[in-house]
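By convention here, the first residue in the shown sequence is residue 1. Ligands are counted one by one from 1 in listed order, and the atoms in each one are counted from 1 as well.
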Amino acid sequence: MTKSYGFDTLQIHAGARPDPATGARQVPIYQTTAYVFRDADHAAALFNLQEVGYIYSRLTNPTVAALGERIAALEGGAGAVCCSSGHAAQIMALFPLMQPGCNVVASTRLYGGTVQQFSNTIRKFGWSAKFIDFDDLAALEAAVDDNTRAIFCESIANPGGYITDLDAVAAVANKVGLPLIVDNTSATPWLCRPIEHGATLVVHSTTKYLTGNGTVTGGAVVDSGKFDWSASGKFPSLSAPEPAYHGLKFHEALGPMAFTFHSIAVGLRDLGMTMNPQGAHYTLMGIETLSLRMARHVENAQKVAAWLEKDPRVEFVTYAGLPSSPYHHRVARICPRGAGALFTVAIKGGYEACVRMVSALELFSHVANLGDTRSLVIHSASTTHRQLSPEARAKAGAGDNVLRLSIGIEDAADIIADLDQALARATA
Ligand SMILES: *Cc1c(COP(=O)(O)O)cnc(C)c1O
């Protein structure tokens with residue numbers, strides 16, 4: 001598909017073509033595990049990656065491939081691989097880059113589940129993470145050592161209120177010769193295009209805004225196709241003969257598609273964190289209206305955050321769309337269409353008031369999710385962060401008096417009215 005189409009056109013058409021067998025206009029759900037080879041030569045060519053085609057749905061499936069192509073187009077990448085969840089995407093992003101003993105330098109401002117995955121679970125692979133304040137660029141550069149293989153951050157960091165200076169972080173990554181991985185889940189490519197700011201790889205939890213309606217979990221890794229995997233000798237899975245794929249040199253053979261092909265031919269084949277075609281279908285449906293939804297999400301979030309900030313029952317609101325935010329000045333450069341729809345609000349009355357508020361809300365759903373058409377709320381201190389000490393919770397932006405809001409696309413007046421009545425009952 002020609003790259004000159006605009007975002008609104010690509011979100012509907014990229015990756016999709018009338019079904020060659022039936023002419024079906026919508027991307028069919030190819031509910032099949034395997035694909036018949038034309039003959040033995042065809043099968044051999046597919047296994048040698050000499051011809052692109054379908055072998056087995058753990059590796060590739062036409063419905064899932066259409067979604068990957070669409071997400072790559074929206075992010076301005078060379079290729080993308082879809083997987084079973086956002087967390088799977090993070091492992092898939094690191095997998096071709098890391099070896100036992102290697103580390104990733106990650107921002108302290110990350111989705112809680114990612115902090116957990118990087119702090120503990122990846123150690124089982126012999127990998128580790130160092131968490132650094134990415135506003136301290138000297139500390140970021142100093143944290144990089146000979147075993148560092150990637151730098152990882154979020155564009156708009158969950159739970160909101162923080163925007164990473166991607167240009168500055170990419171300049172450090174460039175200087176030290178490492179790939180920058182950006183989790184663009186909270187922003188989506190409509191608000192932020194990390195590759196244009198120097199990102200090498202972009203990861204997504206498609207579970208959130210890309211699907212948009214809270215129906216399926218999924219993830220994606222987009223490769224910019226711009227990183228030279230052979231320059232440093234640090235990425236042998238991509239630059240040297242890959243023992244896991246009969247000695248193929250992925251970078252030499254596949255150029256800008258090396259990462260994507262490795263992720264499919266080795267990553268999905270051996271780790272098996274595959275997206276299923278039904279899931280891809282729901283996400284393809286959702287993504288068709290991404291720009292329309294994001295515009296409304298941002299408009300509503302802006303109105304709700306401004307209303308809350310003026311309310312005497314509220315202590316503070318952390319939303320980068322508000323001039324009071326210390327990150328407000330980054331919005332125009334990093335996410336010019338708005339600061340997203342996730343933020344936290346601290347209410348007077350502490351832990352007890354927050355628990356009462358969550359029960360009193362009627363339109364908002366109390367769930368551990370975000371990026372839904374519906375407005376969502378969670379009191380992190382009594383749920384996702386309850387194992388942490390009050391001090392550790394406060395440091396993570398999940399203090400006892402803090403609620404995380406994910407503003408939906410309902411009528412802004414109804415969202416505000418619901419918050420108003422709940423605040424009245426919570427702080428009475
Ligand atoms: C939800 C989320 C993830 C994890 O995605 P899952 O699809 O739940 O595995 C990762 N990063 C961010 C920013 C998220 O919001």
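- Nearest to atom 2 (C) of ligand 1 among the protein's heavy atoms is Lys208 NZ, 2.5 Å.
- Residue Gly218 places a heavy atom less than 4.0 Å from ligand 1.
- Within ligand 1, the atoms closer than 4.0 Å to a non-hydrogen atom of Gln90 are 10 (C), 11 (N), numbered from 1 in the order shown.
- Residue-to-ligand polar distances place Gly86 within reach of ligand 1: an N/O pair is separated by less than 3.5 Å.
- Results of the side-chain hydrogen bond (donor to acceptor under 3.5 Å, both in side chains) test with Asn103 over Asp145, Asp146, Asn147 single out Asp145 as the only residue that passes.
- Between Ser205 and ligand 1, at least one N/O pair is under 3.5 Å apart.
- Between Thr217 and ligand 1, not a single N/O pair is under 3.5 Å apart.
- When each atom of ligand 1 is checked for a heavy atom of His87 under 4.0 Å away, the hits are 4 (C), 5 (O), 6 (P), 9 (O).
- Across every non-hydrogen atom of Arg149 and Met98, the tightest pair is CB-SD, 3.7 Å.
- Enclosure of atom NZ in Lys348 by more than 12 non-hydrogen atoms of other residues, nucleotides or ligands within 6.0 angstrom is indicated.
- Listed by atom number, the atoms of ligand 1 under 4.0 Å from Glu154 heavy atoms are 13 (C).
- Each of the following atoms of ligand 1 lies closer than 4.0 Å to a heavy atom of Ser85: 7 (O), 9 (O).
- In summary, of the residues considered (Phe118, Tyr111, Phe131), a ring-ring contact (aromatic ring centres under 6.0 Å, His included) with Phe152 occurs for Phe118 alone.
- Here Asp183 has side-chain heavy atoms under 4.0 Å from ligand 1, and that is the only part of it that gets that close.
- Backbone and side-chain nitrogen or oxygen atoms of Ser186 are examined, and none is located within less than 3.5 angstrom of a nitrogen or oxygen of ligand 1.
- Under a cut-off of 6.0 angstrom, the local environment of OH in Tyr351 is crowded, with over 12 non-hydrogen atoms contributed by other residues, nucleotides or ligands.
- Closest heavy-atom contact between Ile122 and Ser128: CD1-C, 3.8 Å.
- Taking both residues in full, the closest heavy atoms of Gly267 and Phe95 are given as CA-CE2, 3.8 Å, listed atom of the first, atom of the second, then distance.
- Between Asp420 and Arg425 there is no salt bridge, since none of the side-chain N atoms of the basic residue sits less than 4.0 Å from a carboxylate O of the acidic one.
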